[in-house]
Amino acid sequence: MVTTAIPQPQTTPIQSALIVGNYCHDVLLQGGAVVAETLGGAASFISNVFSALSVSFHLTSKVGFDFKYPVNHDPIVIPTSKTTVFHAYFDQGHTENAHQDRVLKRVEVCDPINPSDLPDKRFDFGMAVGVGGEILPETLEKMVEICDVVFVDIQALIRAFDKNEGTVKLVGLKESGFYHLLPRVKFLKASSEEALFMDVEEVRQWCCVVVTHGKDGCEVFWKDGEMKIEPFGANQVDPTGAGDSFLGGFVGGLVHGLVVPDAALVGNLFGSLTVGQIGLPKFDLRLLQRVKDEVQRRKLHNTCWFEGGKDSMSFTKPDGHDEFHASLASTKLVPTCSIQECQRDVPRSAGSVEQVMRPPCNGQ
Ligand SMILES: Nc1ncnc2c1ncn2[C@@H]1O[C@H](COP(=O)(O)OP(=O)(O)O)[C@@H](O)[C@H]1O
Ligand SMILES: O=P([O-])([O-])O[C@@H]1[C@@H](O)[C@H](O)[C@@H](O)[C@H](O)[C@@H]1O
């Protein structure tokens with residue numbers, strides 16, 4: 001039998017990472033009833049994927065006195081404020097816009113994250129991943145000053161909230177107050193719905209734009225080219241956090257030395273794993289080990305941690321890209337695990353509806 005030795009981690013420098021965005025409480029509603037209550041916020045989904053991929057990070061996040069979930073990376077607790085809360089309505093009839101999979105309402109809002117809340121040190125990369133309008137233009141400006149490379153989720157920039165009900169609306173990126181900072185951002189991630197609120201042709205002149213397309217995977221646009229990245233199959237039970245987990249997997253792949261097209265596959269994989277569960281996903285430990293082994297094998301092709309660190313960005317699918325997709329897809333074929341063998345960075349709160357609703361791990 002031919003066996004392939006799994007390469008040991010190489011001597012690439014350890015990256016320091018900064019994640020900026022508030023944790024929140026998510027309430028999922030259908031047919032007028034609450035079906036689940038979970039920890040939410042892009043920061044929680046990305047932390048979850050980073051922990052799964054053994055990527056260490058610093059997190060700047062604010063919550064209120066009522067924050068109810070135990071987490072591994074402590075947020076700043078604001079004693080005079082409540083935690084940001086989103087209600088997500090999944091009823092078909094409620095959807096006013098054909099591009100939306102849910103209607104979101106921000107029903108409580110915590111304080112914004114100010115530049116002075118960020119650590120007083122430099123980072124190899126930073127991620128601006130707000131959900132409730134907590135990232136201010138001056139905060140993103142400070143991030144581009146202290147981080148060598150900045151990844152931005154457009155939802156942190158273009159959300160506006162109805163004064164009465166808190167319904168999330170999107171505004172054009174040009175009108176957002178962040179537009180002038182885009183030339184200093186390296187990657188901008190948007191869902192296909194959000195991408196309608198920017199001029200991709202213009203923005204791709206400055207930074208790499210990654211547009212996610214749900215079950216159809218994603219597309220990467222840069223100044224002189226674009227490419228589609230294949231998806232992975234999933235039984236979708238809840239789309240919440242797919243885009244966040246995608247971003248966690250994509251950046252985690254880059255940190256482990258993958259080139260952009262291969263890292264985007266890792267993003268698609270974690271997006272597909274997330275929709276198979278309600279709320280924050282719990283990953284099967286055997287599946288995770290296989291994913292990490294495949295990533296280790298794959299990174300041997302590369303010499304630097306992040307090709308996008310170069311001034312000009314241009315990407316091609318390296319040899320073996322399709323085989324890498326197939327090997328990642330095969331990681332989903334691991335036998336069903338017991339609940340004790342699943343990993344999640346952030347423990348669930350006791351007694352949440354989510355525990356009742358949670359499908360077994362083989363939902364992955
Ligand atoms: N039903 C699905 N089946 C497989 N993969 C999915 C599915 N939905 C989402 N994904 C993965 O998650 C990524 C992000 O999902 P998407 O729905 O585009 O973002 P968002 O959650 O921000 O709306 C997609 O690019 C894809 O890789
Ligand atoms: O589903 P997705 O767009 O990736 O990200 C979601 C946000 O849009 C939402 O505001 C938040 O409450 C969820 O916890 C999650 O972060």
Side-chain angles (χ1 to χ4, degrees), residues 19 21-29 36-49 61 69 83-90 97 99-110 127 129-135 153-161 166-170 188-196 210-220 228-250 253 263-281 325 328-329 332 346 354 363-364:
I19 299 176
N22 286 350
Y23 290 131
C24 63
H25 293 166
D26 279 351
V27 181
L28 314 188
L29 298 114
E37 290 188 48
T38 73
L39 172 63
S44 64
F45 284 92
I46 294 171
S47 304
N48 191 38
V49 174
S61 184
Y69 296 97
T83 301
T84 298
V85 179
F86 279 97
H87 286 182
Y89 294 84
F90 287 93
N97 180 331
H99 298 282
Q100 282 186 331
D101 51 15
R102 70 208 132 148
V103 170
L104 275 181
K105 294 187 183 191
R106 186 190 69 178
V107 297
E108 294 288 352
V109 56
C110 194
M127 300 175 76
V129 291
V131 286
E134 66 271 32
I135 295 188
D153 188 330
I154 198 171
Q155 76 184 1
L157 315 186
I158 63 167
R159 282 187 170 179
F161 307 90
T167 308
V168 175
K169 305 269 183 221
L170 302 179
L188 181 67
K189 191 227 75 160
S191 67
S192 42
E193 179 203 343
E194 292 160 340
L196 300 173
V210 183
V211 180
T212 62
H213 295 292
K215 64 175 175 35
D216 297 321
C218 69
E219 261 178 304
V220 182
K228 285 199 164 109
I229 304 293
E230 290 301 302
F232 295 85
N235 294 321
Q236 179 168 312
V237 296
D238 174 15
T240 311
D244 305 332
S245 293
F246 167 88
L247 190 57
F250 174 59
L265 279 179
V266 180
N268 280 347
L269 177 73
F270 278 95
S272 74
L273 293 173
T274 298
V275 300
Q277 300 186 36
I278 293 175
L280 203 67
H325 179 276
L328 289 178
K332 290 197 176 197
V346 190
E354 176 204 2
Q364 297 174 338

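For ligands, and for the atoms within them, numbers begin at 1 and follow the listed sequence. FYI, side chains are in, hydrogens and waters are out, and symmetry mates aren't considered; it's all heavy atoms of this structure.
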> Taking heavy atoms and a distance under 4.0 Å, where does E193 meet ligand 1: side chain, backbone, both or neither?
Replying inline: neither
>> Exactly one of D153, N268, V49, I46 should register a side chain to side chain contact (heavy atoms under 4.5 Å, CB included) with F246. Which one does?
In response: N268
>> Using heavy atoms and a 4.0 Å limit, tell me yes or no: is P231 in contact with ligand 1?
In response: no
> Do any N or O atoms from the side chain of S61 and from the backbone of G21 form a donor-acceptor pair under 3.5 angstrom?
Replying inline: yes
>> Would the distance check show the side chain of D244 and the main-chain N or O of S44 forming a donor-acceptor pair, the cut-off being under 3.5 Å?
In response: no
> If only atom types and distance count, is the side chain of E134 paired as donor or acceptor with the main-chain N or O of G132 below 3.5 Å?
Replying inline: yes
> So is there a nitrogen or oxygen of G217 less than 3.5 Å from a nitrogen or oxygen in ligand 1?
Replying inline: yes
> Can an N or O of V131 be found at a distance shorter than 3.5 Å from an N or O of ligand 2?
Replying inline: no
> Looking only at protein heavy atoms, which one is nearest to atom 19 (O) of ligand 1, and how far off is it?
Replying inline: T212 OG1, 3.4 Å
> In the protein, which heavy atom is nearest to atom 13 (C) of ligand 2, and how far is it?
Replying inline: D26 OD2, 3.1 Å
> With backbone taken as N, CA, C and O and side chain as the heavy atoms from C-beta onward, which portion of N268 lies under 4.0 Å from ligand 1: side chain, backbone, both, or neither?
Replying inline: both
>> With a 4.5 Å cut-off on side-chain heavy atoms, are F250 and V266 touching?
In response: no
> In terms of atom number and element, which parts of ligand 1 are under 4.0 angstrom from non-hydrogen atoms of V275?
Replying inline: 2 (C), 7 (C), 8 (N), 9 (C)
>> Regarding ligand 2, does R159 bring an N or O atom to under 3.5 Å of one of the ligand's N or O atoms?
In response: yes
>> Give me the nearest non-hydrogen protein atom to atom 5 (O) of ligand 2 as residue plus atom name, then the distance to 0.1 Å.
In response: D244 OD2, 2.9 Å
> Which ligand 1 atoms are under 4.0 Å away from a heavy-atom of F232?
Replying inline: 3 (N), 4 (C), 5 (N)
> Counting heavy atoms only, which of G241, S245, G243 is nearest atom 20 (P) of ligand 1?
Replying inline: G243
>> Can you classify the ring geometry of H325 versus F232 as parallel (below 30°), tilted (30 to 60°) or perpendicular (above 60°)?
In response: parallel
> For ligand 2, is there an N or O atom under 3.5 Å from any N or O atom of G40?
Replying inline: no
> What's the shortest distance from atom 1 (O) of ligand 2 to any protein heavy atom, and which residue and atom give it?
Replying inline: G241 N, 2.6 Å
>> Does any N or O of ligand 1 fall below 3.5 Å from an N or O anywhere on Q236, backbone included?
In response: yes
>> If I apply the N/O under 3.5 Å rule, does G243 come out as touching ligand 2?
In response: yes
>> Checking contacts here: is it the side chain or the backbone of K189 that comes within 4.0 Å of ligand 2, counting heavy atoms only? Could be both or neither.
In response: neither
> If you measure from each non-hydrogen atom of A242 to ligand 2, which part falls under 4.0 Å: side chain, backbone, both or neither?
Replying inline: backbone
>> Which option wins on minimum heavy-atom distance to atom 26 (C) of ligand 1: S272, G214, A190, A195?
In response: G214
> Are any of the N/O atoms in R102 less than 3.5 Å from those in ligand 1?
Replying inline: no
> Backbone, side chain, both or neither: what part of F45 comes under 4.0 angstrom of ligand 2, heavy atoms only?
Replying inline: side chain
> Can you tell which part of V168 has a heavy atom less than 4.0 Å from ligand 2: side chain, backbone, both or neither?
Replying inline: neither
